[in-house]
Amino acid sequence: MDLNFLEFEQPIAELEAKIEELRLVGSDNEINIQDEITRLETKCQSLTESIFSNLKPWDISQLSRHPQRPYVLDYIDRIFDEFHELHGDRAFADDHAIVGGMARLEGRPVMVIGHQKGRDTKDKLHRNFGMPRPEGYRKALRLMELAERFKLPIMTFIDTPGAYPGVGAEERGQSEAIARNLKVMSGLRTPIICTVIGEGGSGGALAIGVGDRILMLEYSTYSVISPEGCASILWKSAEKAPLAAEAMGITSDRLKELGLIDEIVAEPLGGAHRDIETMAKNLKHALLEGIDNITSMAIDKLLDTRYQRLMQYGQFSGD
Amino acid sequence: MSWFEKLMPSRIRTDAGHKRAVPEGLWAKCPGCSAILYRAEMERNLDVCPKCHYHNRISARRRIETFLDPEPQEEIAANLESVDPLKFKDSKKYKERLTQAQKGSGEKDALVAMRGQLKGMDIMVASFEFSFMGGSMGSVVGERFVRAVNMALERHTPLVCFSASGGARMQESLFSLMQMAKTSAALERLQKRGLPFISVMTDPTMGGVSASLAMLGDINVAEPNALIGFAGPRVIEQTVREKLPEGFQRSEFLLEHGAIDMIIDRRDMRDRISDLISILMSKPRA
């Protein structure tokens, strides 16, 4: 079993391994096996299509945190012309679970901020698995206020299991750091586009997620608690996570239906990790479109629209 | 029957079933110092133990009753009710949990908002009902809170919130999460208008409520020994795999780490908050 593939991706992995094997044979053998390879590739394509046309919320939840899933720095490389990373919260530390800096999108100056996870074990630890501490949120806030002063639109990229639950994080005011970001972002006098690119984990995600347009990549998720967390509280067993994923409505199509997000950015067949270039192109296109839409609005009108949208969140009866 | 009871002559022996019952709830045991206390005295003392000053949890309405002047009082958005937008069901339907919570607490949802007066000063109060699904914040809690903020804006009054909550309500999933942004945005407007928001955190104030409205006070207050934090102690213990220090995430710990301005004993709450607000509003001391 290939650990870089999820369980429901295994049939695809097996076929691909077979194709790869044939290719190797083909290179030192004169027999023409190109036909067989083509046949298998077509089969692989239709197998992937059929698996991906029938994904359950739990499958999508796993895709959103796929070990090969592109992270924010992967996108920054491919989408922005320049990137100058800025570090530190000026008070305590530089949190590596959040990266941010100035960049250009097709020549346009912007501020980019996003959660960053690590790829290998060492990198994962360095990034604290994408779980920010208060200094991460405070760095983000500092960059956002900098963006406001210099009239740079802000683009945030959400991908975190949640804010870090640790002793030091609590001592330094995790709650306050998140709360302050929510409050300040609601009134920042510059356009903000937020994109969930992977895992939208609760308050730790929302803390860089208040804006004028909320996008989600097709196989990303956004929820108040992880399916495992929800299952262990309500079903008393983390193994019921698939049920919790279903019940909470954490997928992009469901959230679009509920009016909680604006737009879904399509992923290439098999998910973002199967074709990062195409994914980055789709995302860049969506960001350009989004920024055109909101920067054409006068700032007071933009802020009012942002506020009204926040006030509309929620469903209830009575008046 | 024990051997000792068998030995006793039958006219001394009393049947367990015929014991004269002590009226239920006349006495209460203090969870802090285990003292047996006369309930009526506890109530006069605002449910604070007269011996060890342990602050028992109290209901949203009793909180308001003990804080505001008796008259005038007018409830804000009293008839809002949750609607279960996700048709959520775990071992039980969310609808059933709501009905059960309503019966148990006598409230329609986990927040009560009231317009009233504090020592003659107009004021809005929001108060969490912890017995309603752990004081969890869903659409109704968020909306009621925002209505209280709007009423404060409209009538140019301060706002005081007493929080007691486990966090966001899972059964409304992302709707609940968004209440964090909604309530924080409303407070941004209140504070830009120069109207004071006093946040009083009571036991417990955790998760999404602590990471939004509760930590955004112009002045952050806590009751003694309240559990306040973002992540629950059990989650942290599982993550860091060590025993947490004594008093971790308690009010006194937060005061020490600079997260709150002060700890106020419940019995002084009216006086102290009235003093704070009248200074912020440049009014004479009441």
Side-chain angles (χ1 to χ4, degrees), chain A residues 134 162-167 169-187 200 202-207 209-210 222-225 229-231 233-236 240 243-244 247-250 254-255 258 260-261 306-307 310-319, chain B residues 77-83 85-86 88-91 108 138-140 142-143 146 168-182 184-189 191-192 207-208 210-216 228-232 235-236 239-240 242 244-245 248-249 253 257-259:
Chain A
Y164 185 62
V167 175
E170 294 289 326
E171 286 173 340
R172 297 191 295 279
Q174 188 73 287
S175 287
E176 193 274 345
I178 295 171
R180 179 175 301 273
N181 281 16
L182 303 179
K183 174 171 174 282
V184 173
M185 287 182 91
S186 75
S202 192
L206 184 64
V210 180
Y222 202 178
S223 67
V224 69
I225 184 170
C230 178
I233 296 171
L234 291 180
W235 279 266
K236 315 279 175 227
K240 303 282 189 197
L243 288 177
M248 285 198 295
I250 61 177
R254 193 77 200 285
L255 294 170
L258 292 167
L260 289 163
I261 62 159
R306 189 188 301 163
Y307 189 74
L310 287 167
M311 292 306 120
Q312 274 161 17
Y313 284 137
Q315 287 189 10
F316 44 82
S317 66
D319 50 15
Chain B
N79 57 4
L80 296 187
E81 274 187 79
S82 293
V83 291
L86 300 170
F88 193 98
K89 182 171 174 264
D90 49 274
S91 56
K108 284 200 171 148
S139 300
V140 171
E143 180 68 15
V146 165
R169 189 174 297 167
M170 281 178 286
Q171 289 84 350
E172 291 184 35
S173 193
L174 206 67
F175 285 102
S176 301
L177 187 71
M178 292 307 167
Q179 302 312 309
M180 293 171 65
K182 178 172 173 172
S184 304
L187 286 173
E188 167 81 355
R189 293 234 156 154
Q191 294 180 354
K192 275 208 173 125
S210 131
S212 63
L213 61 100
M215 276 293 167
L216 292 175
I228 301 163
F230 177 68
V235 175
I236 298 176
T239 312
V240 302
E242 54 186 87
L244 299 174
F248 180 64
Q249 291 183 319
F253 175 93
H257 285 89

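Throughout, protein chains are lettered first and strands after them, A, B, ... in sequence-line order, and every chain is numbered starting at 1.
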Heavy-atom distance under 4.5 Å to chain B: side chain of A/V167, backbone, both or neither? both

Measure B/A186 against the heavy atoms of chain A and call it side chain, backbone, both or neither at under 4.5 Å. both

Taking every heavy-atom pair that is under 4.5 Å apart, which of B/G208, B/G232, B/P85 has the most such pairs with chain A? B/P85

Between atom CD of A/E170 and atom OG of B/S210, what is the distance when rounded to the nearest 0.5 Å? 7.5 Å

Could you pull out the closest heavy-atom pair between B/A181 and A/L182, with the gap in Å? N-CD1, 4.2 Å

Heavy-atom distance under 4.5 Å to chain B: side chain of A/A163, backbone, both or neither? both

Heavy atoms only, distances under 4.5 angstrom: which of A/S202, A/G200, A/G209 has the most pairs with chain B? Name it, please. A/S202

Heavy atoms only: give me the nearest A/K183-B/E188 pair and the separation to one decimal. CG-OE1, 3.1 Å

B/K182 (side chain) donor-acceptor with A/M311 (main chain) under 3.5 angstrom: yes

Can you tell which of A/L255, A/L206, A/L258 makes a side-chain contact (heavy atoms from CB on, under 4.5 Å) with B/L174? A/L255

Could you walk me through whether B/M180 and A/I178 pass side chain to side chain contact (heavy atoms under 4.5 Å, CB included), step by step? CA-CA 10 Å; B/M180 293 171 65; A/I178 295 171; 4.3 Å; yes

CG (B/D90) and SG (A/C230) are apart, to the nearest 0.5 Å, by 7.0 Å

Heavy-atom cut-off 4.5 Å, strictly under: side chain, backbone, both or neither for B/L244 against chain A? side chain

Of the listed A/G162, A/G318, A/S317, the one with the largest count of heavy-atom pairs under 4.5 Å with chain B is A/S317

Please name the pair of heavy atoms, one in A/G203 and one in B/L177, separated by the smallest distance, quoted to 0.1 Å. N-CD1, 3.5 Å

Using heavy-atom distances under 4.5 Å, tell me whether B/A259 contacts chain A through its side chain, its backbone, both, or neither. neither

Evaluate the side-chain proximity of A/V224 to B/E172: yes if any heavy-atom separation is below 4.5 Å, no if none is. no

For B/G229, does its backbone N or O pair with a side-chain atom of A/Q174 as donor and acceptor, under 3.5 Å? no

Hey, is the main chain of A/G314 close enough, under 3.5 Å, to the side chain of B/S139 for a donor-acceptor pair? no

From the list B/V83, B/V235, B/V240, B/L213, the residue making the most non-hydrogen contacts under 4.5 Å with chain A is B/V83

Closest approach of B/Q179 to A/Y313 (non-hydrogen atoms, all atoms of both residues): NE2-O, 3.4 Å

Does A/L234 form a side chain to side chain contact (heavy atoms under 4.5 Å, CB included) with B/Q171? I'd like the steps, not just the answer. CA-CA 9 Å; A/L234 291 180; B/Q171 289 84 350; 3.7 Å; yes

Which bit of B/E81 is near chain A, if near means a heavy-atom gap under 4.5 Å: side chain, backbone, both or neither? both

Below 4.5 Å from any heavy atom of chain A, which atoms of B/E242 appear? Answer side chain, backbone, both or neither. neither

Name the option with the most non-hydrogen atom pairs under 4.5 Å to chain A; the candidates are B/T239, B/V140, B/V146. B/T239

What option among B/S212, B/A214, B/G207 has the most heavy-atom pairs under 4.5 Å with chain A? B/S212

For A/A179, which residues count as a side chain to side chain contact (heavy atoms under 4.5 Å, CB included) partner, sequence neighbours excluded? B/M215, B/L216

Mind running side chain to side chain contact (heavy atoms under 4.5 Å, CB included) on B/F230 and A/E176 for me, showing each step along the way? CA-CA 9 Å; B/F230 177 68; A/E176 193 274 345; over 6 Å; no

Given a strict heavy-atom distance threshold of 4.5 Å, which part of B/K108 is in contact with chain A: side chain, backbone, both, or neither? neither

So, the part of A/R254 with a heavy atom under 4.5 Å from chain B: the answer is side chain

